[in-house]
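Everything below concerns the one structure shown next.
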Amino acid sequence: MRMLVATVIVLAAAILAAAGTLRPVENGLQDLGFAMRSAPASGQIAVVEIDASSLAAIRRWPWDRAHYADVVDRLDRAGARTIAFDVDFSALSSAAGDARFARSLAAASANVVLPVFGQPASTADRRQLDALPIPQLREHVMLGSVSVQPDSTGIVRDMPVGTFNSNAPRPSLSAQLAQQSGFADQPFPIDFAVDPRTLPRHSFVAIERGEFSPEAFAGKDVVIGATAIEMGDRYAVPRHGILPGVIVQALAAETLLDGIPVRVAWPVLLLPALGLAWLILAARTRGQIIRRAGGALAAILTILHFGTIVFDMVFAVAPAVLVVLASAVFRWMRLVHAEFEQTRMIDPETGMPNRRAFEKDVPGGSENRVVVAMIDGFDAIRMVVGGSEIGGLFSRIEDRLRVSGCEGRLYRVDDRVIAWTSGLEPFEIESQLQGLAAIMRHPLEVAGRRIDARLAFGIAHDRAVSDAAHAASQVLRSGACFAYHEQAEKLAQDQQLSLMGELDEGIRRGELEVVYQPKLDLRTDRIASAEALIRWNHPIRGYLRPDTFIPLAEQADRIDDLTVFVLRRAVEDLRAWRSSSHEMKVAVNVSAALISSPAFVSRLQDFLLEEYVPRERLILEITESAAIADFDAACAALKAIRALGVSISMDDYGTGQSTLTYLKGLPLSELKIDRSFVQYAHRDQGDALLVSSTVELAHRMGLEVVAEGIEDAECLDFLRSIGCDYAQGYYIAKPMCAAGFIDMVRNKTATGLRDAA
Ligand code: G
Ligand code: G
Ligand code: MN
């Protein structure tokens, strides 16, 4: 793409150059070159001027040729190398004068050059006619043509090395003066860097009268011509305005003194210009554009400058300059455009990418889903925190989305809607959203205020963000956690059904494992118990966490088998540990829904009554994925179980359903405070108060307290300080396999142990 643009620019410049459109630009740049090289004349070329004072002294025009004869004699005597006339001698004058002049010319030892004027024969006849000096004069001299040809704008820039008038090649006067030979009709650029005011000049009449020092002419090349205004013969030139023809001849001769300058045509610089264009088009910032284009222009001017000075080559630079400027302008506009596009893709309030960005980034046609989070009561929140803090609100929410495993870009597609795409399976998305909803129960800290922001989630196909938002708004009404847009729903159901179909298989094939997360006894600083957590090592979907399939299992009535499976495994492991003389306790999660199912309860009782089950070392954690449907039945069942010696723990305490009624009515032995309260309790006064008063309340009711979700040392210290009984969390240990757990107990390598620290 970049190469294409560069090529197009170069081609355009080539076309303009070929069409001559760039002439004025080229001329301007060459004038700049003259100014950069500005230098005084060499002194080798001297001018003898037929100036106003000469005309005043010798009144009759044309002069008697005896005057020219005198001047030739004097200059020749002074040792001039060349004596060239830019004066017309094509007509006869007085016989005496012509004879006298001819004698001087014949006698001179200097090279004498007389001019030949080439011009059209007449207005009707375009043939060139040479106006030669009269035969008498031209016998002993050389001839030099003095056709000066202004360009189409009337300015003289070039001079020929020689001409082809009347089919005979003839050197030009300036070539004769500088004693250079070259090809006729080869024009060369006059170097107007030479300041014409620095040419040595002498008045004709002064020479004739001998009023000069002869050294001024020794070895010099002298050109004689008219500079007086009334003589006409004036030309417009670059840089110096209007100059008399003789001065133009002198400058041309100056130019030729050290060789004939060669014009280098524009195509030569176009190839390097292509490279420069490519570089400039690759610039990423405005500064880079300026630096690169500036460097490129400097390089081109350097070539112009030193090309002439060192190599006598005059480069045509306009097309290259044009290419550089056009590339810079093009790139600049692209950057401005891109920046503009960029700002159009950004939500100004939050700096998040907006809906436009979503539509641009998400191509559609993929198997992905779009998920949106809609902020409940957004307008009210906005009033509370103020418009300027909305950015803060969104970045807090963003943090939580990230913590819950949202990957990729998050877009603010609407005032109160954040959207992202997810390649996860529906059940994985669901569990992610449930986790998110749980985290969101914890207030957000925005501008020093605590804000309760509930999120409602909607899921739709592909990139149908409006559908997802619609589903989310349904959720706001229904009070659920998330909803699918209709189309997406059926697919999700199909996939989940198939997953459930695989669960039995999974159990049979031993894909389900039980891992143990240690609980630290804060009074003894020892690990004497653990929570059993189920994992599904799915052959295709990988390691599945329980929150991706437990809710499905509950819906599909598979949760009882699953729970019994975990219980059996836990009992086996407890017995194995005991035989290696480690007396442990294990907590097993039981969905609240199961407790009010008479079928499950009797199955559970049968199991617990089997003689090898160490009932007093089992804890049932009642996880409240749904409200307890039949509270009285559940209460009775739990009492019976408790009577068997099994402990009962209230899991996730503080969230959702666990009300004071449960605390009062259920036969509990333990309370597990939900990690959303514990995690920041050492930093957040509100949480600290909740946790410490819950510990106190539980102790008064004769319950032990487990705090879960401890992720750092400060949190653990805080829990110790308020007298909490057990602590569980990643800081102490992550869930691990049975063997790993007992190794850890044996070696006392859990972090958070006081003596270990
Ligand atoms: O560690 P973790 O991701 O494993 O657990 C996620 C959720 O799954 C927790 O709320 C936990 O209570 C629940 N869970 C883990 N194992 C079981 C189980 O065997 N039965 C039930 N009902 N829930 C479980
Ligand atoms: O009590 P429940 O069964 O709901 O809790 C177990 C869940 O908590 C599991 O998913 C487990 O992986 C997770 N968990 C355990 N300790 C920590 C912790 O320190 N931080 C977080 N974020 N999760 C934890
Ligand atoms: Mn639990």
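Start at 1 and go down the list; that is how both ligands and their atoms are numbered.
A salt bridge links Arg603 to Asp561: at least one charged side-chain nitrogen sits closer than 4.0 Å to a carboxylate oxygen.
For Ser591, the closest heavy-atom approach to ligand 1 falls below 4.0 Å. In this structure, Arg535 has a heavy atom closer than 4.0 Å to ligand 1.
His682 has its side chain out of reach of Asp717: every pair of non-hydrogen atoms, C-beta onward, lies at least 4.5 Å apart.
Any N or O atom pair closer than 3.5 Å counts here, and Thr563 shares no such pair with ligand 1.
The shortest contact between atom 12 (O) of ligand 2 and any protein heavy atom is with Tyr730 OH, 3.3 Å. If you check which protein heavy atom lies closest to atom 21 (C) of ligand 2, you get Glu711 OE2, 3.2 Å. Among protein heavy atoms, atom 23 (N) of ligand 1 sits closest to Asn589 CB, 3.5 Å.
Protein N/O/S atoms closer than 2.8 Å to the Mn ion (ligand 3): Glu531 OE2, Asn589 OD1, Glu621 OE1, Asp651 OD2.
Which of Arg675, Gln679, Gln728, Lys734 comes nearest to atom 8 (O) of ligand 2 through a heavy atom is settled by distance: it is Arg675.
The number of heavy atoms from other shown groups lying within 6.0 Å of NE2 (His470) does not exceed 12.
For atom 17 (C) of ligand 1, the nearest protein heavy atom lies closer than 4.0 Å.
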